[in-house]
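Encoded as structure tokens, the structure appears first; notes follow it.
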Amino acid sequence: MKIAMAQVLSSANPMHNLAIIRDYAKQAAAQDAKLVLFPEAMQICFGHSLTGIAEPLGGPWATLVKQLARDIGINIVVGMFTPGTAGHVRNTLLVTGPDVDTHYDKIHLYDAFGFSESDTVTPGERPVQFVIDEVAFGLATCYDIRFPQLFTHHARQGALVNLVSASWGAGARKVEQWTALAQARALDSTTFVLAVDQADPLSIGHEPKGSAPLGVGHSIAVGPLGEVLAQAGAAPELLVVELDMNEVVTAREQLPVLKNAVDL
């Protein structure tokens, strides 16, 4: 199965961001990708009011994404914001297309490195998987990648691929952490891990202001034994990887960590 990873840079304009999604989804479909994975915060980038932009999954922005997926004939995973509780929002992955219609609300909120996502975001309550062509996928968002149990949960529920959408905060050794975590989560779960980040604003000459996590690029595809299959640089880029799900079966025979794990 071919899967596209769209490392892009979202803006404060939801309609401009929709045009980015359309353009990269078309490029992915032209390369026969079954699914295209976008970063989180594609409706609007961090650093702007989320409560004023959040909308239900049946709202106008999400509806346009769903229409794009149908028109282009590709499944899309993309980050947006939906209404939460107590005036907060939820950090949501919309999953839509010819083969799927679901969503995931980010469970682990990014209260780290000087940023406090929980000030404005309601956490999700459950992990989510979906199936395309008999292949099960698990979903994760950004800070989730630091929590192995989510990835092993997906694997125990049958996932062969874990998808991560991120807007990774910049800082010392953050790119190295991102890469190491993607490899570690693949090894923990013996799944493919495809982790897509927002492009680095500096790569196109934008100087970030404030502490909002805007992305560092370096989106990465990792095999079930931790091997790096593809990795982007800092700038906007479309990666397309072809995954052989038999590699997961072989990896789990060689490295049966899911079977050997002991509850402590």
Side-chain angles (χ1 to χ4, degrees), residues 10 35 37-46 50-51 53-57 62 76-96 100-131 136-169 174 177-178 180-198 212-215 219-220 222 258 261 263-264:
S10 64
L35 177 149
L37 175 65
F38 287 90
E40 72 172 322
M42 281 302 301
Q43 183 185 19
I44 188 171
C45 61
F46 286 114
L50 304 180
T51 54
I53 207 74
E55 65 174 52
L57 291 165
I76 292 175
V77 180
V78 63
M80 61 175 295
F81 300 99
T82 56
T85 60
H88 288 189
V89 304
R90 294 185 190 274
N91 189 338
T92 299
L93 288 182
L94 170 63
V95 187
T96 186
V100 64
D101 181 17
T102 190
H103 71 281
Y104 164 68
D105 295 326
K106 184 179 182 184
I107 293 174
H108 300 98
L109 300 186
Y110 181 57
D111 289 355
F113 293 106
F115 193 78
S116 184
E117 191 173 20
S118 63
D119 285 349
T120 56
V121 178
T122 302
E125 298 173 352
R126 61 184 181 88
V128 174
Q129 300 92 34
F130 65 92
V131 177
F137 295 79
L139 290 166
T141 302
C142 205
Y143 195 47
D144 281 335
I145 201 172
R146 293 186 181 273
F147 299 89
Q149 63 272 27
L150 177 61
F151 291 74
T152 55
H153 170 84
H154 286 320
R156 294 183 189 283
Q157 295 298 310
L160 304 182
V161 185
N162 275 298
L163 303 176
V164 185
S165 293
S167 186
W168 196 252
K174 292 296 291 297
Q177 290 175 32
W178 166 254
L181 287 162
Q183 291 180 276
R185 297 298 81 84
L187 285 164
D188 292 334
S189 58
T190 48
T191 62
F192 289 102
V193 170
L194 306 187
V196 173
D197 188 24
Q198 293 261 354
L214 299 179
S219 299
I220 185 170
V222 184
L258 297 170
D263 291 330
L264 301 177

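All residue numbers refer to positions in the sequence shown, counting from 1. Quantities reported herein were computed from a predicted structural model and do not represent experimental measurements.
Two residues are said to be in side-chain contact when any heavy atoms from C-beta on lie closer than 4.5 Å; Thr122 and Arg90 meet this criterion. Side-chain contact between Leu35 and Leu163: present, with at least one pair of heavy atoms (C-beta onward) separated by less than 4.5 Å. The shortest side-chain heavy-atom distance between Phe147 and Ile107 does not fall under the 4.5 Å cut-off. Counting heavy atoms from C-beta outward, Arg156 and His153 have side chains that stay 4.5 Å or more apart.
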Candidate pair Leu181 and Trp168, rule side chain to side chain contact (heavy atoms under 4.5 Å, CB included), full reasoning: CA-CA 12 Å; Leu181 287 162; Trp168 196 252; 3.9 Å; yes
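Using a distance-only test at 3.5 Å, with no hydrogens or angles considered, a donor-acceptor pair links the side chain of Glu40 to the main chain of Ser167. Remark: the backbone N or O of Phe38 is paired with a side-chain donor or acceptor of Ser165 at under 3.5 angstrom. Proximity of a side-chain donor or acceptor of His154 to a complementary backbone N or O of Leu139 within less than 3.5 Å is detected.
Minimum heavy-atom separation, Ala62 to Leu57: CB-O, 3.3 Å. Val164 approaches Cys142 most closely through the heavy-atom pair CG1-N, 3.9 Å. Between Pro127 and Leu150, the closest heavy-atom pair is CB-CD1, 3.9 Å. Shown here for Ala182 and Ile220, the closest heavy-atom pair between the two residues is CB-CG2, 3.6 Å. Smallest separation of non-hydrogen atoms from Gln198 and Ala41: NE2-O, 3.4 Å. Between Gly138 and Gln129, the closest heavy-atom pair is CA-CG, 4.2 Å.
Pairs of residues two or more places apart, or lying in two chains, that qualify as salt bridge (charged side-chain N to carboxylate O under 4.0 Å, His left out) and include a residue from residues 188-198 are Arg185-Asp188. The list of salt bridge (charged side-chain N to carboxylate O under 4.0 Å, His left out) pairs with a residue in residues 107-120, not counting sequence neighbours, reads Lys106-Glu117.
Considering CG of Leu37 and CZ of Phe137, their distance stands at 10.0 Å, rounded to 0.5 Å. To the nearest 0.5 Å, the span separating CD1 on Ile53 from CD1 on Ile44 amounts to 4.5 Å. Rounded to the nearest 0.5 angstrom, Tyr110 OH and Ser116 OG are separated by 11.0 Å. Interatomic distance, OG1 of Thr152 versus CD of Gln157, reported as 10.5 Å (0.5 Å rounding). One finds the CG atom of Asn162 at 10.0 Å from the OG1 atom of Thr190 (value rounded to the nearest 0.5 Å).
Side-chain N/O atoms of Asp105 and Thr92 include a donor and acceptor closer than 3.5 Å. Side-chain atoms of Asn91 and Tyr143 include no donor-acceptor pair closer than 3.5 Å.
Of the options Val95, Leu94, Val77, Asp144, a side-chain contact (heavy atoms from CB on, under 4.5 Å) to Tyr104 is made by Asp144 and by none of the others.
Contacts of Phe113 classified as ring pair (Phe, Tyr, Trp, His ring centres under 6.0 Å), with partners at least two apart in sequence or in another chain: none. Residues meeting the ring pair (Phe, Tyr, Trp, His ring centres under 6.0 Å) test with Phe81, sequence neighbours left out: Phe46. Among residues two or more places apart in sequence or in another chain, the side chain to side chain contact (heavy atoms under 4.5 Å, CB included) test is passed with Ala155 by Ser189, Thr191, Arg252, Leu258. For His103, there are no side chain to side chain donor-acceptor pair (under 3.5 Å) partners two or more places apart in sequence or in a different chain.
For Glu125, the CD atom sits in a loose shell: 12 or fewer heavy atoms of surrounding residues, nucleotides or ligands are nearer than 6.0 Å.
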